[in-house]
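Worksheet: one structure, shown below.
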Protein chains: 2
Amino acid sequence: MDNFQALFDYVQKLSGKTLSVEEKQIFIAHFKPKKIRKRQYFLQEGDVCKYTGFIVKGAAKTFTVDEKGHEHILKLSIENWWLADFESFYKLTPSRFNIEALEDMEILQITHNLVEEFIKPIPAFSAMQNVLSQNNTIAAQKRMQSSISQTGEERFQELVNDYPHFIQRFPQNLIASYLGLTPETLSRIRKNSSK
Amino acid sequence: MDNFQALFDYVQKLSGKTLSVEEKQIFIAHFKPKKIRKRQYFLQEGDVCKYTGFIVKGAAKTFTVDEKGHEHILKLSIENWWLADFESFYKLTPSRFNIEALEDMEILQITHNLVEEFIKPIPAFSAMQNVLSQNNTIAAQKRMQSSISQTGEERFQELVNDYPHFIQRFPQNLIASYLGLTPETLSRIRKNSSK
DNA sequence: AAAATAGATTGATCTTTGTCAAGCTTATTT
DNA sequence: AAATAAGCTTGACAAAGATCAATCTATTTT
């Protein structure tokens, strides 16, 4: 299973631990490779997010649709990220979010129960989870801080600095939505900031 | 040590596990009770956040100050929360935040090293950490979603619904800052929404 | 290649929010 | 009680951002 290598590398890198052959077999036994085509949904609003998926290839957006029919992108996910609405995934409650593939994707997916039963006992995995949890806390805090204290222009500049590959990989209207701006506003911001 | 009871209750409630007498002794041996007076700082921008503190009594704000000298409140913390800039606490890097007591406080504080060495091995504590990490992920996601897709008025209403005790406990100018609004704007929002 | 779709830009106008200044009310301090 | 400090409100104006409509590229799809 060739696409498992990315997952093994990722777990080992974040945890700082090595996976044994037996442990790798446990991963292979419980994660299912899945392909998702561009524009296909991984999760629909109102459904329970039964799976989380490790992204081997491709990209997706997590978004809501408001009463006016406008999309708001909460998250843009690429290779080596975990795809899910974690609120729904942990609690098995209906999700308020949609997750849609922006490119053809290859993921390795698994249910919450299987993670708890077979994967979490693997020390490298739970160590990875701890690191990931810290990283997420830090990133969420930073994004929130930007959101309450900076203008759209400053938030865009920060995104360009911190995640330049996002800027070139995704169309500008998605970036705008991720920043909480309309495409028109982001277009004007870019025009003015280049001066 | 009377004020440890709140911590024991909290750990047991979130973890769903019971603490033995010996485990409670470990907590008592490593957490230090500390009083912080109103307006006193728990953390100053530029310093490393060496301690995290469990809030037994009182409240605090976590904020930044921008170039114009304006405060932006990232977090309001009350009883049964952990006080810290976790980025700085985990990585031991200088913090970008200030944490200041809004009321006289009693906390139980501890360093990162002591948590890792003595407290984390207690099963109830690490189970609590997992639950807390999930809760934080969910709350952060919800707040971010509000921030990118809702108006100030909607964000305020959500806060009133979700955390009514915050509204009565803290002055309106702090609530405004927490929502990313100026005090004037929140004042007008409230005036209009009551109609 | 033509048609259709998706994305970006621009202008005009409207809405939301910020800024500055003043006056007012309510707590704290002395 | 007087004085001081915090906090809240209001008005006039400015700035940031949204909306709507039109046009202009690009990129897919047929």
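Just so you know, these numbers use all the heavy atoms, side chains as well, and skip hydrogens, waters and symmetry mates. Just so we're on the same page: letters track the sequence lines, and every chain starts at 1.
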The contact string for nucleotides 22-30 of chain C, one letter per nucleotide 5' to 3', using protein heavy atoms under 4.0 Å with B, S and - for base, sugar-phosphate only and none, comes out as ---------

For B:Leu181, report the nucleic acid contact type (base, sugar-phosphate, nothing); a contact means any heavy atom under 4.0 Å.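 Contact class for B:Leu181: sugar-phosphate only.
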
Any pair with a residue in residues 120-131 of chain B that passes side-chain hydrogen bond (donor to acceptor under 3.5 Å, both in side chains), sequence neighbours left out, goes on the list, sorted by first then second residue, please.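 Applying side-chain hydrogen bond (donor to acceptor under 3.5 Å, both in side chains) to every pair that reaches into residues 120-131 of chain B, excluding sequence neighbours, yields B:Glu116-B:Lys120.
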
What pairs meet the side-chain hydrogen bond (donor to acceptor under 3.5 Å, both in side chains) rule with one or both residues in residues 50-63 of chain B, with sequence neighbours excluded?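 For residues 50-63 of chain B: B:Lys61-B:Glu71.
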
Which residues pass the side chain to side chain contact (heavy atoms under 4.5 Å, CB included) test with B:Ala140, sequence neighbours left out?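 Side chain to side chain contact (heavy atoms under 4.5 Å, CB included) list for B:Ala140, sorted by chain: A:Ala140.
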
In chain order, what residues pass the side chain to side chain contact (heavy atoms under 4.5 Å, CB included) check against B:Glu117, with sequence neighbours excluded?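 Checked B:Glu117 against side chain to side chain contact (heavy atoms under 4.5 Å, CB included); zero matches.
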
Tell me which residues in residues 146-180 of chain B put a heavy atom below 4.0 Å from DNA chain C, sorted by number, or none.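 Under 4.0 Å from DNA chain C: B:Thr151, B:Gly152, B:Gly180.
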
Identify, residue by residue, the members of residues 62-70 of chain A with a heavy atom below 4.0 Å from DNA chain C, and return them in order of residue number, or none.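 By residue number: none to list.
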
Which ILVMFWY residues are connected to A:Phe97, directly or by a chain of links, through side-chain heavy atoms under 4.5 Å apart?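 Taking Ile, Leu, Val, Met, Phe, Trp and Tyr as members, A:Phe97 shares its hydrophobic cluster with A:Leu74, A:Met144, A:Ile148, B:Leu74, B:Phe97, B:Met144, B:Ile148.
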
Mind grabbing the angle between the end helix axes of the helix from C:dA1-D:dT30 to C:dA22-D:dT9? Five pairs an end, 10° rounding.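 What I find for the helix from C:dA1-D:dT30 to C:dA22-D:dT9 is an axis angle of 50°.
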
Please collect all ring pair (Phe, Tyr, Trp, His ring centres under 6.0 Å) contacts where either partner lies in residues 112-158 of chain A, sequence neighbours excluded, each pair once.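 Every pair satisfying ring pair (Phe, Tyr, Trp, His ring centres under 6.0 Å) with a residue in residues 112-158 of chain A: A:His30-A:Phe118, A:Phe89-A:His112, A:Tyr90-A:His112.
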
Please list, chain by chain and in numerical order, all residues satisfying side-chain hydrogen bond (donor to acceptor under 3.5 Å, both in side chains) with B:Ser77, sequence neighbours excluded.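 Result, side-chain hydrogen bond (donor to acceptor under 3.5 Å, both in side chains) vs B:Ser77: none returned.
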
Report the residues that fulfil side-chain hydrogen bond (donor to acceptor under 3.5 Å, both in side chains) with B:Thr185, sequence neighbours left out, ordered by chain and then residue number.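 B:Thr185: side-chain hydrogen bond (donor to acceptor under 3.5 Å, both in side chains) contacts with B:Thr182.
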
